[in-house]
Trainee: 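Quick one: this structure, given as structure tokens, is what I'll be asking you about.
Sequence lines set the chain letters: A, B, ... in the order given, protein chains first and strands last, and positions in each chain run from 1.
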Number of protein chains: 2
Amino acid sequence: MGRTVTFDQNEAIEKALDVFWKKGYNGASLRDLTDAMKINSSSFYNTLGDKHQLFVQCVKHYTHKRRVLLEQRAGTYDSPRAALEGFIHDVAAVVIKDAHGCFAIKTAFEVSPDDKRIQALLKEDNNFTRTFLSTLIRSAVDQGEMADETDAELLADYIISTYTGWYELHLLHQDPVKINKLAAFTARQVLH
Amino acid sequence: MGRTVTFDQNEAIEKALDVFWKKGYNGASLRDLTDAMKINSSSFYNTLGDKHQLFVQCVKHYTHKRRVLLEQRAGTYDSPRAALEGFIHDVAAVVIKDAHGCFAIKTAFEVSPDDKRIQALLKEDNNFTRTFLSTLIRSAVDQGEMADETDAELLADYIISTYTGWYELHLLHQDPVKINKLAAFTARQVLH
DNA sequence: TATTTTTTGAAGTGATTGTTTCAGAATTGG
DNA sequence: CCAATTCTGAAACAATCACTTCAAAAAATA
């Protein structure tokens, strides 16, 4: 047996994600990426493949991390209605925090129309969030916290499409108050 | 006097806009652009400036065109409430039609954090839409078509942020029914 | 039509793109 | 400690990037 790889692959992907997040897929050069990952390009091509494969790994890493976070948070609430309200305000906090917007949304607009591999990953991530929300909504209905005639799927899509817009508004105006107001308004609308 | 420019500058900008719209700022090469515009690169640099100046012109062209269309449509309705409802369904139709999403939103995510010139243009466009909507809402309130306590600014931001998300959903799922359902739901929520 | 002015086409600029090559350093199992 | 194997660093790859140069073609004025 020969020498083993010295650098942490997961750590490298996180560094690369930062670069892609900031500069986008086309805006990030391989030099930007290898500089951030602190590995030589030969090591990169030997282990992680090429630029596109790295990007796929970054998208997977990002969506997986969000998924885990989502499930962790959900467990801390003691009613589905409270979980929904918590979700909406959590999203607002993330929108305000992320300087370059949501990596998934950014990627959806930049590469997804022409890159079916990436599109499939983002679609899957989107479906997960929708299922997560619609399940929560159905539980709330079952427990009498929300009206019986509520369309869970529709309301889930509604919530998702609403907060997507918050990212754009924050990118342009950088006004945290505006985002928080919108979140409060959305919570009121959804939970009436 | 010498020779005059033979190509139509406005037409060239429209062609360039198509390329930027499809490939993004970083994804579009100068070859892509001059090929689409059907002019030589020397003619391009002599008249339109460089890549970034062309992009600025494209953003201006796009936002201006939308602005004109918005004002035209608004005149065809006979009540502010009907105009609001019409606006929401018009947006849904555009979302379904545009293969690569809204150029302004796409650009907001791709370049606006690092390009203050572009950010300012998009912010201005966004402000125009908000003013347009909030004016409409205030008129509706004045005419007794909407509740007195309505926060016009907030509701305008709410509508904008909601339909931004429709673009992303349509990019990923390409499901017109879903978009129309969301539009109908949003109209119901806003106009209750 | 002659002259002046400007545009145009083709080729070429250096820099950067993503990717490869390969010799030598490093680390493993025997 | 040796030999086999694998990783690493630096240099180089062709292709493409945004952009320039310049002579010749074209058109406007006189």
Trainee: Which sits closer to the 5' end of DNA chain C, B:F44 or A:D32, going by the nucleotide each is nearest to?
Mentor: B:F44
Trainee: Whole angstroms only, please: what is the CG-C1' distance between B:D8 and C:dT7?
Mentor: 16 Å
Trainee: Does B:S42 have a side-chain nitrogen or oxygen under 4.0 Å from the phosphate oxygens OP1 or OP2 of C:dT8?
Mentor: no
Trainee: I need the CZ-C1' distance between B:R31 and C:dG12, as an integer number of Å.
Mentor: 12 Å
Trainee: Would you say the side-chain atoms of B:S29 and B:D32 include a donor-acceptor pair closer than 3.5 Å?
Mentor: yes
Trainee: In whole Å, I'd like the distance from the CG atom of B:N26 to the C1' atom of C:dT16.
Mentor: 14 Å
Trainee: For a quick test of reading the model: is some side-chain N or O of A:S43 closer than 4.0 Å to OP1 or OP2 of D:dT8?
Mentor: yes
Trainee: Return the value, rounded to whole Å, for the distance between atom CD of B:Q9 and atom P of C:dT8.
Mentor: 10 Å
Trainee: Within 45 degrees of the ring normal and closer than 6.0 Å to the centroid, is that where the cationic atom of B:R67 sits relative to B:F128?
Mentor: yes
Trainee: Taking any heavy-atom pair under 4.0 Å as a contact, classify B:S41: base, sugar-phosphate, or nothing.
Mentor: base
Trainee: Taking atom types as modelled, is there a side-chain donor on A:Q9 or A:T47 under 3.5 Å from an acceptor on the other?
Mentor: no
Trainee: Go through the side-chain N and O atoms of A:S79 and A:E145 and say whether any donor and acceptor fall under 3.5 Å apart.
Mentor: yes
Trainee: Nearest whole angstrom, please: distance from the P of D:dC19 to the CG of B:L33.
Mentor: 11 Å
Trainee: Does B:Y45 have a side-chain nitrogen or oxygen under 4.0 Å from the phosphate oxygens OP1 or OP2 of D:dC19?
Mentor: yes
Trainee: If the plane angle is over 60° it's perpendicular, under 30° parallel, otherwise tilted; pick one for B:F109 and A:F109.
Mentor: parallel
Trainee: Relative to A:Y25, does A:K51 satisfy both conditions: NZ or CZ under 6.0 angstrom from the six-membered ring centre, and within 45 degrees of the ring's axis?
Mentor: yes
Trainee: How long is the line joining CD1 of A:I39 and P of D:dT8, in whole Å?
Mentor: 8 Å
Trainee: Atom CG of A:L30 to atom C1' of D:dC13: distance rounded to whole Å?
Mentor: 14 Å
Trainee: Centroid separation under 6.0 Å, is that true for the rings of B:F20 and B:F55?
Mentor: yes
Trainee: Between C:dA23 atom P and A:N40 atom CG, what is the distance in whole Å?
Mentor: 16 Å
Trainee: What are the residues of residues 47-57 of chain A, sorted by number, that bring a heavy atom to within less than 4.0 Å of DNA chain C?
Mentor: A:D50, A:K51
